[in-house]
*Asks:* 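Pasting a structure here, questions to come.
Chain letters run A, B, ... following the sequence lines, proteins first and then strands; every chain starts at 1. Values reported hereafter were calculated over all heavy atoms of this structure, with side chains retained and with hydrogens, waters and symmetry mates removed.
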Amino acid sequence: GAVVSQHPSWVICKSGTSVKIECRSLDFQATTMFWYRQFPKQSLMLMATSNEGSKATYEQGVEKDKFLINHASLTLSTLTVTSAHPEDSSFYICSARAYRGGETQYFGPGTRLLVL
Amino acid sequence: AQRVTQPEKLLSVFKGAPVELKCNYSYSGSPELFWYVQYSRQRLQLLLRHISRESIKGFTADLNKGETSFHLKKPFAQEEDSAMYYCALSGDGGSQGNLIFGKGTKLSVKP
């Protein structure tokens with residue numbers, strides 16, 4: 001149990017376009033999901049906390065107008081990279097919080113974004 | 001400032017040898033510490049957390065508040081232990097609401 005999926009697994013887009021990434025909790029409800037970004041050979045950096053039914057909380061330095069987060073249901077959060085540029089190319093990972101013998105984050109497989 | 005430090009980018013050991021992945025943290029309150037593992041081509045998954053005080057896949061980790069460390073240990077490494085290991089800290093009273101990750105240590109277990 002506690003499976004998190006992401007779609008798409010990879011995407012290539014042109015500079016200036018917008019890209020939407022979906023994060024779904026498949027077998028549990030998640031009021032809180034998290035979005036991370038990982039550059040090559042670096043650690044995960046939290047971008048924002050997505051709360052169902054309310055606005056996301058962004059980490060310092062993350063542009064909320066650039067990275068739009070919507071958490072409209074208990075099983076789905078979306079991250080939209082607006083007007084993507086090559087520097088937005090990265091690996092985006094989501095996680096969902098669940099209670100399994102204690103509070104635990106379950107991670108999705110990640111989405112690799114390449115902006116040309 | 002909250003910070004997690006994993007000093008080794010790569011740790012290479014032979015099968016059957018003991019392994020210790022180091023993790024030091026900086027936090028003013030009472031943090032909860034975790035170890036996450038990422039096997040090749042798989043997603044990040046929780047290995048263990050300090051409050052559980054349990055052994056998972058032969059790994060243990062003890063929180064040392066005096067040394068602000070949470071090193072991951074296994075007495076006899078196996079080839080299948082080869083993976084990327086991340087130490088993480090949560091300062092929200094134990095909630096995983098805000099995980100801070102170290103840079104990770106790649107463990108390579110040679111036959």
*Asks:* Counting C-beta onward and ignoring hydrogens, is there a side-chain heavy-atom pair between Q105(A) and L99(B) closer than 4.5 Å?
*Replies:*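 Touching, per the 4.5 Å side-chain cut-off.
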*Asks:* Around K110(B), counting heavy atoms of other residues, nucleotides and ligands shown, do more than 12 lie under 6.0 Å from its NZ?
*Replies:*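 Incorrect, the count does not exceed 12.
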*Asks:* Within a radius of less than 6.0 Å around NE2 of H85(A), do more than 12 heavy atoms belonging to other residues, nucleotides or ligands occur?
*Replies:*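 Yes.
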*Asks:* Return the CZ to OG1 distance between F34(B) and T104(A), rounded to the nearest 0.5 Å.
*Replies:*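 Output value for this atom pair is 7.5 Å.
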*Asks:* According to a hydrophobic-cluster definition based on side-chain heavy atoms being under 4.5 Å apart (Ile, Leu, Val, Met, Phe, Trp, Tyr only), do Y36(A) and Y58(A) belong together?
*Replies:*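 No, it is not one cluster - the side chains of Y36(A) and Y58(A) are not joined through contacts under 4.5 Å.
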*Asks:* Tell me whether S43(A) contacts the main-chain N or O of G102(B) through its side chain, where contact means a donor paired with an acceptor under 3.5 Å.
*Replies:*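 Between the backbone of G102(B) and the side chain of S43(A) there is a qualifying donor-acceptor contact (under 3.5 Å).
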*Asks:* Test: side-chain hydrogen bond (donor to acceptor under 3.5 Å, both in side chains). Region: residues 76-87 of chain B. Which pairs qualify, not counting sequence neighbours?
*Replies:*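 Qualifying pairs, neighbours excluded: Q38(A)-Y86(B), K74(B)-D81(B).
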*Asks:* Indicate yes or no: at least one non-hydrogen side-chain atom of R43(B) is less than 4.5 angstrom from one of V3(A).
*Replies:*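 In contact.
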*Asks:* First locate atom OH of Y106(A), then atom CG of L46(B), and finally report the distance between them rounded to the nearest 0.5 Å.
*Replies:*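 Rounded to the nearest 0.5 Å, the OH-CG separation comes out at 7.5 Å.
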*Asks:* For M84(B), is the CE atom crowded, meaning more than 12 foreign heavy atoms sit under 6.0 Å from it?
*Replies:*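 Yes, because the 6.0 Å sphere around CE of M84(B) holds more than 12 heavy atoms from other groups.
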*Asks:* Does the side chain of L44(B) come within less than 4.5 Å of L44(A)'s, by heavy atoms?
*Replies:*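 The answer is yes; the side chains approach within 4.5 Å.
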